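Because the structure is predicted, anything quoted here is derived from the model rather than measured.
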Amino acid sequence: MKSLDPLEFNQYIVNQAREVIIDYNLIKPKDKVAVGLSGGKDSVLTLYLLADLVDELDFELVAVSIDEGISGYRGEGINVARIIASKLDVELVEGSFKKEFGYTLDEITDLYQSACIPCGVFRRYLLNKISNELGADKLATGHNLDDEIQSFLMSFSKADFRRFSKFGPKLDRIHPKLVPRIKPLWKIPEKDVGIWAVMNGIDVHFAECPYSNTSLRAKVKNYLNQLESERHGTKISILKSFSKTFNFQKKEIIVGQCKQCGEASSLNICKACEMVEDIKNRLK
């Protein structure tokens, strides 16, 4: 088996990200870009790549970390995020489920079929709220090629066609308080992200979330990895197929503000506020 050349591999990673950023116009001059930084390999690579492109593309960079409150897991990730942000001289702003909603994820996980349900709602809410308060024009996440395919197959299997418009490397701003998300790693396989971290000796948090095995995503991930091991190139072929086949016209979404918290919501009460009330009732 031919050994990888570190310089060539690193250039491949940079080229893949730069190609997506430029081809899809993810970042404009003078933009302020917030990176969702968990300390894991994907978010760390995203921050490294964007930090390297700041001068070339003329934008401002900041990082946001969220402490969900997962004992024995999240603390290490947050610590890595602090170290990486400091090393790259990027401001890091931290938020937490406990401070914002009154509960850690550990305290409420037994209330739901999967811990991913409340975690997803609260993380999206808090990442957007903090990014918006920072004046960010874009929120960059570490979603890689594998993540995108997994999400698409999950929605496809549930016939949730409404979510198809949310796929792709970027979203449009549909409300002043909703920060558009961008995915610089959209074409980079998860395995390559891991190789990048190990090859360059980057200190990242490799541990899997202890709750991840309860999700549908974990099962879809294992299935796709098996397919890829049997036929290399399957994942990128699936992504290309999705991009060509499912080109749905985006419907106009009317977004207002939550009557309780004031954040953007398509409902009178946003999902996060609704979930907090649900949790209070269940814990009575």
Would you say the side-chain atoms of [X] pair up with the backbone N or O of [Y], donor to acceptor, closer than 3.5 Å?
| X | Y | answer |
| --- | --- | --- |
| N128 | V179 | yes |
| S151 | D147 | yes |
| R18 | I21 | no |
| D172 | I174 | no |

Gap between atom [atom2] of [Y] and atom [atom1] of [X] - 0.5 Å precision:
| X | Y | atom1 | atom2 | answer |
| --- | --- | --- | --- | --- |
| E148 | L153 | CD | CG | 10.5 Å |
| I195 | I13 | CD1 | CD1 | 8.0 Å |
| I149 | H143 | CD1 | NE2 | 13.0 Å |
| L178 | R124 | CG | CZ | 12.0 Å |

Measure the shortest side-chain to side-chain distance between [X] and [Y] over non-hydrogen atoms and say whether it is less than 4.5 angstrom.
| X | Y | answer |
| --- | --- | --- |
| I236 | K240 | yes |
| L185 | L145 | no |
| P118 | L105 | yes |
| Y112 | I279 | yes |
| D146 | N225 | yes |

Enumerate the residue pairs fulfilling side chain to side chain donor-acceptor pair (under 3.5 Å) with a member in residues 21-36, sequence neighbours excluded, ordered by first and then second residue.
K30-D58, D31-K138

Is there a path of hydrophobic side-chain contacts, each under 4.5 Å between heavy atoms of I/L/V/M/F/W/Y residues, joining [Y] to [X]?
| X | Y | value |
| --- | --- | --- |
| V20 | L47 | yes |
| L283 | I117 | yes |
| I78 | L127 | no |
| I22 | L53 | no |

Enumerate donor-acceptor pairs with a distance under 3.5 Å from any side-chain N or O in residues 59-76 to protein atoms, sequence neighbours excluded.
| unit_1 | atom_1 | unit_2 | atom_2 | d |
| --- | --- | --- | --- | --- |
| S65 | OG | L37 | O | 2.5 |
| D67 | OD1 | G69 | N | 2.9 |
| E68 | OE1 | R74 | NE | 2.6 |
| E68 | OE2 | R74 | NH2 | 3.4 |
| E68 | OE2 | R123 | NH1 | 2.8 |
| R74 | NH1 | S38 | O | 3.0 |

[X] versus [Y], closest heavy-atom pair with distance:
| X | Y | result |
| --- | --- | --- |
| S131 | L139 | OG-CD1, 3.5 Å |
| L26 | P169 | CD2-O, 3.6 Å |
| T109 | A115 | OG1-CB, 3.1 Å |
| G40 | V204 | C-CB, 4.3 Å |
| P6 | M199 | CA-SD, 3.4 Å |
| D42 | G142 | CB-O, 3.1 Å |

Checking F206 against V198 for the side chain to side chain contact (heavy atoms under 4.5 Å, CB included) test, could you report, in this order, the C-alpha distance in whole Å, the side-chain angles of both residues, the deciding distance, and whether it holds?
CA-CA 10 Å; F206 273 113; V198 173; 4.0 Å; yes

Which donor-acceptor pairs under 3.5 Å do side chains of residues 82-97 form with protein atoms, sequence neighbours excluded?
| unit_1 | atom_1 | unit_2 | atom_2 | d |
| --- | --- | --- | --- | --- |
| R82 | NE | E94 | OE2 | 2.8 |
| R82 | NH2 | E94 | OE1 | 3.0 |
| K87 | NZ | Y48 | OH | 3.3 |
| S96 | OG | K99 | N | 3.0 |

Scan residues 103-122 for pairs that pass salt bridge (charged side-chain N to carboxylate O under 4.0 Å, His left out), counting only residues two or more places apart or in two chains.
K98-E107

Go through the steps for N144 and K183 under the test side-chain hydrogen bond (donor to acceptor under 3.5 Å, both in side chains), then give the verdict.
CA-CA 7 Å; N144 56 51; K183 307 168 189 174; over 6 Å; no

Is the shortest side-chain N to carboxylate O distance from E228 to K191 below 4.0 Å?
no

Salt bridge K235-E190, side-chain N to carboxylate O under 4.0 Å:
no

Which donor-acceptor pairs under 3.5 Å do the side chains of residues 254-276 make with protein atoms, sequence neighbours left out?
| unit_1 | atom_1 | unit_2 | atom_2 | d |
| --- | --- | --- | --- | --- |
| Q257 | NE2 | G262 | O | 3.4 |
| S265 | OG | L267 | N | 3.0 |
| S265 | OG | L267 | O | 2.9 |

Residues at least two apart in sequence or cross-chain that pass side chain to side chain donor-acceptor pair (under 3.5 Å) with D192, listed by chain then number, are Y12

Does the gap between the ring centers of Y103 and F122 come in under 6.0 Å?
no

